Amino acid sequence: MPELPEVETIRRTLTSVLIGQEIQGVEVLLEKAVKPSSEQLIRALVGRKIVELRRRGKYLLLLLDDDSRVAFHLRMTGRLLFLPKLTPLEKHTTLVLNFTDDHSLRFVDPRKFGTVVLYWPSTPPESLKKLGPEPLETEKAVVVSSLTTAAARRKGPVKGLLLDQRVIAGLGNIYTDETLFLAGIRPTRSVREITAAEWEKIYQSILTVLELAIEHRGTSRRDYVDGRGEPGNHQCYLQVYDRKKKPCLVCGSEIQYTRVAGRGTYYCPACQH
DNA sequence: GAACCCCTGGTT
DNA sequence: AACCAGGGGTTC
């Protein structure tokens, strides 16, 4: 589901209501979603207070008052919602954190792909440790160098490289297509043919696309809502994603749909080369 | 790298 | 009934 702009919006909408909350109880309704185990999670979390919310790539991190952390990954359909305890549990609720103030944090995930991991910062899970640079919070040279060094030692379409979380953190299927449209580059282009000037253009496009999407509080196509249950607005501003056979908003050509790097992919045959 | 898998639900 | 979906881990 959510990519960087959606997770960032969830983080922003949950920060003010979660900071300082004390965890009174934990309900695990889907054992396979949590690590190390529901027993250990419950033992570690009850009595803890939330001191900070962070985002790393597409992960939302809860920092607790004993320095432990909980990482949520929402995958395709996960939602994190702050609701009164009295609100009935919605179908497909995976995890509930109950606080001492009669509110709760619900993790709802119809496809059950989402994960919740408790860890200590000294021993982060592999998936977090391997993440590439944060596009919005890392200096340009570091991000561009991550893209170009990865490009030098791999083959295949440029879209696949941008989707690789080890190369750059936070881009998913929507924002790679939007980025490559803005950069004027076809998703199918081989990483080997991309010039230095084009990598610069891709980098700038990533920043523009992500910042605008955050301003619009994320893209709600089907499942995504923020921590208050409100949809985002960026679906109204998408240039190519989900616009198969519709006219390009820049040139009027018919937006093409194909499969690249295993994902449904949209591009303008005239604007992108 | 591509292909398949984990799941449920919406669309064609 | 078949195919598709804001993801990513594991297997060829």
Side-chain angles (χ1 to χ4, degrees), chain A residues 1-11 29-35 55-60 71-80 90-94 107-117 125-132 135 150-180 187-192 206 209-210 212-214 216-227 230-245 257-266:
Chain A
M1 117 336 154
E3 307 179 30
L4 186 154
E6 289 76 34
V7 180
E8 179 60 20
T9 304
I10 293 169
R11 188 190 71 77
L29 299 141
L30 183 69
E31 180 68 33
K32 72 156 203 159
V34 307
K35 281 183 180 175
R55 180 191 55 72
R56 179 73 175 98
K58 302 174 192 172
Y59 289 86
L60 184 76
F72 291 87
H73 197 303
L74 279 45
R75 289 296 205 274
M76 302 281 267
T77 55
R79 295 177 168 193
L80 277 173
E90 38 276 72
K91 199 178 177 187
H92 302 125
T93 301
T94 291
F107 185 24
V108 183
D109 183 18
R111 288 181 75 177
K112 303 177 168 64
F113 292 163
T115 54
V116 182
V117 183
E126 275 300 307
S127 49
L128 265 169
K129 203 164 31 170
K130 289 189 299 195
L131 287 178
R153 61 175 97 116
R154 69 146 72 196
K155 311 192 293 184
V158 62
K159 175 164 179 171
L161 184 143
L162 296 180
L163 284 171
D164 189 337
Q165 302 300 298
R166 298 166 301 184
V167 177
I168 181 166
L171 292 176
N173 206 32
I174 293 178
Y175 299 113
T176 51
D177 281 5
E178 293 294 305
T179 292
L180 290 168
T188 47
R189 278 271 296 284
S190 163
V191 288
R192 297 292 180 81
I206 290 169
V209 164
L210 293 180
L212 189 63
I214 291 172
H216 294 143
R217 308 169 53 82
T219 301
S220 291
R221 207 174 137 259
R222 17 170 58 109
D223 298 291
Y224 165 70
V225 291
D226 70 18
E230 292 172 14
N233 299 309
H234 193 66
Q235 63 279 6
C236 303
Y237 301 86
L238 295 174
Q239 300 292 297
V240 287
Y241 188 85
D242 210 20
R243 302 199 63 247
K244 181 181 182 179
K245 293 190 174 173
Y257 177 80
T258 179
R259 198 153 282 273
V260 181
R263 313 293 300 275
T265 299
Y266 304 84

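Chain identifiers are assigned alphabetically (A, B, ...) following the order of the sequence lines, protein sequences preceding nucleic acid strands; residue numbering begins at 1 within each chain. The figures here come from the full heavy-atom set of this structure, side chains too, leaving out hydrogens, waters and symmetry mates. Note that the structure is a prediction, hence the values are computed from the model and not measured.
Chain A approaches DNA chain B over the interval B/dG1 to B/dG9, counting the first and last nucleotide 5' to 3' with an atom under 4.0 Å from its heavy atoms.
Residue A/Arg259 is classed as a sugar-phosphate contact, given heavy-atom separations below 4.0 Å to backbone atoms only. If you check every strand for non-hydrogen atoms under 4.0 Å, A/Gly172 touches sugar and phosphate atoms only.
Regarding A/Leu163, its CG atom lies at a distance of 13 Å from the P atom of C/dA5, rounded to whole Å. Per the geometry, CZ belonging to A/Arg263 stands 13 Å off P belonging to C/dG9, to the nearest Å. With rounding to whole Å, A/Gln235 atom CD is found 18 Å from C/dA5 atom P. At whole-Å resolution of the value, CD in A/Glu126 and C1' in C/dG8 are 15 Å apart.
Remark on DNA chain B: of its neighbouring residues A/Lys91 and A/Arg153, the 5'-side contact belongs to A/Arg153, judged by nearest-heavy-atom nucleotide. Nearer to the 5' terminus of DNA chain B, by closest-nucleotide assignment, is the contact made by A/Phe113 (compared with the other of A/Phe113 and A/His92).
At C/dA5, one or more side-chain N or O atoms of A/Tyr257 fall inside 4.0 Å of OP1 or OP2 (strictly under the cut-off). For A/His73, no side-chain nitrogen or oxygen approaches OP1 or OP2 of C/dG7 to under 4.0 Å.
Side-chain N/O atoms of A/Arg221 and base N/O atoms of C/dA5 include no donor-acceptor pair closer than 3.5 Å.
Ring orientation note: the planes of A/Phe72 and A/Phe107 are nearly perpendicular, at an angle over 60° on the 30°/60° scale. Below 30°, between 30° and 60°, or above 60°: for A/His234 and A/His216 the angle between ring planes is below 30°, a parallel geometry.
Residue A/Tyr59 places its side chain closer to C/dG9 than to any other of C/dG7, C/dA5, C/dG9.
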